[in-house]
Undergrad: 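Before we start, here is the structure in question, set down as structure tokens.
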2 protein chains.
Amino acid sequence: MSVISFENPPIIKSFASIAGQKESKGPLKGLFDVTLNDDLAGKESFEKAESEMVKTVVNLAFQKADFMATDIDYLIGGDLLNQCSASTFGVRDLKVPFLGIYGACSTMAQGIVLSSVLATSSYAKNVACFASSHFCAAEKQFRYPLEYGGQRAKTCQWTVTGAGSLVVSTFGNGVKIKSASVGKICDLGITDSNNMGAAMAPAATRTLVDFFNETGKDPNEYDLIVTGDLAYEGVKLTRELAAQEGVFLGKNYTDCGLIIYDREKQDVHAGGSGCGCSAVVLTSFILPRMLAGVYKKVIFVGTGALMSPTTVLQKESIPGIAHLVELEY
Amino acid sequence: MSVISFENPPIIKSFASIAGQKESKGPLKGLFDVTLNDDLAGKESFEKAESEMVKTVVNLAFQKADFMATDIDYLIGGDLLNQCSASTFGVRDLKVPFLGIYGACSTMAQGIVLSSVLATSSYAKNVACFASSHFCAAEKQFRYPLEYGGQRAKTCQWTVTGAGSLVVSTFGNGVKIKSASVGKICDLGITDSNNMGAAMAPAATRTLVDFFNETGKDPNEYDLIVTGDLAYEGVKLTRELAAQEGVFLGKNYTDCGLIIYDREKQDVHAGGSGCGCSAVVLTSFILPRMLAGVYKKVIFVGTGALMSPTTVLQKESIPGIAHLVELEY
């Protein structure tokens with residue numbers, strides 16, 4: 001019972017996105033609900049700015065669903081900062097029962113899986129989830145402070161400054177969450193922390209191949225199969241690894257890390273990453289296009305690299321994970 | 001619908017505990033399934049030692065339930081290390097669908113809540129959860145490296161070196177999980193990171209008072225009401241704050257942070273803390289005593305301080321959270 005097939009699919013009642021300056025100058029320009037004028041969002045630190053983004057986007061998703069915080073049964077979220085503090089400080093004033101999660105860049109998908117499980121139980125009607133990341137806070141924490149001006153490897157990804165939030169409800173109109181799949185940790189021994197795409201590709205492959213094998217569905221049934229955030233390196237590998245197992249992801253397969261930036265013009269190397277990447281691409285681009293009839297059937301796979309700066313220094317390899325959500329409108 | 005009352009209560013099919021040297025010399029001496037001979041567990045770093053504890057205790061809980069990893073539908077866990085790496089590295093070889101959570105020291109309770117939700121859904125039959133902490137790894141990350149030899153404030157708590165794991169099943173014999181409650185974040189503006197008990201007490205109070213008010217139950221019905229880990233300072237405050245709201249926690253109220261160490265003799269100041277504290281006390285002391293008939297009805301409340309070293313340096317206050325589980329045998 002690896003794939004959870006929802007008998008009465010919950011729906012995405014509302015969604016909201018916020019993004020930084022660089023993201024607002026990329027291919028998704030004009031699609032975000034809120035755009036930051038400066039990456040500090042008027043706060044004294046990048047960490048506080050990230051919390052502010054979380055606060056804004058969660059409240060906006062509530063408003064769009066015509067909900068008060070008291071209408072939300074559970075709130076689920078996470079981020080990349082140590083001790084998930086962007087999330088907890090972002091939502092601490094809301095007084096909604098809160099479940100903190102950590103799935104690195106798979107957080108948005110993990111949140112949707114858990115929200116769907118709760119919204120299809122008798123314990124909840126409306127569950128909100130969110131994920132965020134901030135380039136400057138993440139660089140400081142995972143690599144070097146910006147002031148250091150370190151060179152980036154060509155296989156590196158660029159952490160998205162942004163956050164996305166959505167409300168999953170038992171009933172109503174909206175994009176349906178047809179099924180979901182919780183990923184298994186995969187670690188093929190990749191140790192290059194400048195190539196997260198390669199580290200996460202085996203996990204993305206495992207989750208996708210298992211899904212298609214278990215359900216008997218065909219990748220060509222879907223208008224969009226999107227991972228996030230494997231970017232250029234990881235997408236190539238995932239396509240190859242899946243093909244080796246007989247699953248051909250086809251022309252509708254792409255990645256949130258490739259959608260969010262213009263790789264030619266924006267100097268992001270392999271593409272976008274960070275919890276905020278798939279969260280923002282989902283809530284500003286994929287879901288609106290589903291409602292507009294561009295995509296009917298979508299597979300959204302959040303992918304996370306489960307290392308820390310300490311484990312990298314201790315020469316550990318990088319475990320990956322990928323959670324899948326099947327969407328339909 | 002704040003308290004989840006399970007119509008068909010899931011059961012705790014098995015549980016296991018592992019603890020460090022200091023813990024094995026305290027009041028729970030002889031009760032742990034596994035005791036570390038040295039706090040490095042034969043590894044090169046404290047972080048790797050913590051992962052090793054996780055691996056040991058999760059596998060042991062599976063074995064005690066007569067389960068292989070393939071019998072477990074979901075595995076849920078977390079810890080205090082940055083990016084929850086003790087957990088992910090501890091279970092990366094298991095190939096069980098994994099959900100990473102972050103609730104600071106409330107992690108064990110949060111894991112039981114989510115395990116119960118899944119085990120009472122049609123999506124899972126057996127769900128395992130775990131939590132861990134390691135004194136040396138936590139000191140290095142949250143305070144100072146041990147070599148610095150810093151003085152500790154009297155209100156400080158001592159992070160437990162230990163881990164606990166359990167398997168929640170839809171059917172079977174064992175301690176029943178009658179109900180559960182997901183906490184709301186509470187932040188009363190406490191900024192003293194040397195007094196986590198005070199920071200978490202408002203959240204513990206909120207969850208406990210809401211539970212008793214909503215269910216109409218009386219604290220005196222319970223053989224044990226146990227928070228974890230508020231320790232000396234937090235317990236005093238929780239008792240006071242609850243009484244101010246008309247809920248008298250009574251003589252059966254205590255805290256995992258007070259159970260794990262002998263405060264007089266073990267120089268732990270306010271008592272124990274860390275994700276491992278409540279996890280270890282639950283799996284080595286509370287659950288065995290329930291099976292032995294000492295306690296019939298128990299309320300177990302995991303409490304977490306949701307700050308990070310960065311938020312403390314940025315002079316933020318410390319948000320707390322508390323998740324509740326009602327147990328019966």
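Throughout, a chain's letter reflects where its sequence line sits, starting with A, and its residues are numbered from 1.
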Undergrad: Please check if the side chain of Q83(A) supplies one atom and the backbone of L306(B) the other of a donor-acceptor pair under 3.5 Å.
TA: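 No.
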
Undergrad: Need one label for T310(A): side chain, backbone, both or neither, based on atoms under 4.5 Å from any heavy atom in chain B.
TA: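 When you check distances to chain B, only side chain atoms of T310(A) fall under 4.5 Å.
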
Undergrad: For S317(A), is it the side chain, the backbone, both, or neither that has a heavy atom closer than 4.5 Å to a heavy atom of chain B?
TA: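 When you check distances to chain B, atoms from both the backbone and side chain of S317(A) fall under 4.5 Å.
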
Undergrad: More than 12 foreign heavy atoms under 6.0 Å from NZ of K176(A): is that the case here?
TA: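 Count not over threshold, so no.
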
Undergrad: Need one label for Q110(B): side chain, backbone, both or neither, based on atoms under 4.5 Å from any heavy atom in chain A.
TA: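 The answer is the side chain of Q110(B).
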
Undergrad: For the candidates G304(A), S5(A), G78(A), S85(A), which exhibits the highest count of non-hydrogen atom pairs separated by less than 4.5 Å from chain B?
TA: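 Most pairs with chain B among the choices: S85(A).
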
Undergrad: Measure the CZ-SG distance between R92(A) and C186(B) for me, rounded to the nearest 0.5 Å.
TA: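 Rounded to the nearest 0.5 Å, the CZ-SG separation comes to 12.0 Å.
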
Undergrad: Of all the heavy-atom pairs spanning Y74(B) and S2(A), show the shortest one and how long it is.
TA: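 Scanning both residues completely, I find the closest heavy atoms to be OH-O, 4.1 Å.
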
Undergrad: Looking at D187(B), V113(B), T207(B), L99(B), which one has more heavy-atom pairs under 4.5 Å with chain A than the rest?
TA: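 It is L99(B).
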
Undergrad: L75(A) versus chain B, heavy atoms under 4.5 Å apart: side chain, backbone, both or neither?
TA: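 Neither part.
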
Undergrad: Going by side chain to side chain contact (heavy atoms under 4.5 Å, CB included), Q314(A) matches just one of E44(B), K48(B), K43(B). Which one?
TA: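 Going through the options one by one, the only one that passes is K48(B).
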
Undergrad: Testing V3(B), I4(B), V182(B) one by one against Y123(A) for a side chain to side chain contact (heavy atoms under 4.5 Å, CB included), which residue passes?
TA: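 Testing Y123(A) for a side chain to side chain contact (heavy atoms under 4.5 Å, CB included) against V3(B), I4(B), V182(B) leaves exactly one candidate, I4(B).
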
Undergrad: If you look at every heavy atom in I321(B) and F98(A), which pair is closest and at what distance?
TA: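 Minimum heavy-atom separation between I321(B) and F98(A): CD1-O, 3.4 Å.
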
Undergrad: Need one label for L80(A): side chain, backbone, both or neither, based on atoms under 4.5 Å from any heavy atom in chain B.
TA: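 Backbone of L80(A) only, per the 4.5 Å heavy-atom cut-off to chain B.
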
Undergrad: Between L81(B) and chain A, which part of the residue has a heavy atom less than 4.5 Å away: side chain, backbone, both or neither?
TA: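 Only the backbone of L81(B) comes within 4.5 Å of chain A.
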
Undergrad: Check the surroundings of atom NZ in K95(B): do more than 12 heavy atoms from other residues, nucleotides or ligands lie under 6.0 Å from it?
TA: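 Yes, because the 6.0 Å sphere around NZ of K95(B) holds more than 12 heavy atoms from other groups.
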
Undergrad: Of the backbone (N, CA, C, O) and the side chain (C-beta and beyond), which part of K140(A) lies under 4.5 Å from a heavy atom of chain B, both, or neither?
TA: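 Answer is side chain: those atoms of K140(A) sit under 4.5 Å from chain B.
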
Undergrad: Going through the distances and angles, do S87(A) and Y102(B) end up as a side chain to side chain donor-acceptor pair (under 3.5 Å)?
TA: CA-CA 11 Å; S87(A) 302; Y102(B) 185 76; over 6 Å; no

Undergrad: Determine the minimum heavy-atom distance between V96(B) and K184(A), stating which atoms define it.
TA: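 Answer, listing the atom of V96(B) first, then K184(A): C-CG, 3.8 Å.
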
Undergrad: Tell me the closest heavy-atom pair linking T88(A) and I185(B), and the distance in Å.
TA: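 Heavy atoms only, the tightest pair is O-CD1, 3.8 Å.
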
Undergrad: Please round to the nearest 0.5 Å and tell me the distance separating atom CD1 of I101(A) and atom CD1 of I76(B).
TA: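 Reported to 0.5 Å precision, the distance equals 11.5 Å.
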
Undergrad: Quick one: of E47(B), R206(B), Q141(B), M307(B), who has the most non-hydrogen atom pairs under 4.5 Å with chain A?
TA: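 Option with the greatest count: E47(B).
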
Undergrad: Less than 4.5 Å to any heavy atom of chain B: does that hold for the side chain of V117(A), its backbone, both, or neither?
TA: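 Both backbone and side chain.
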
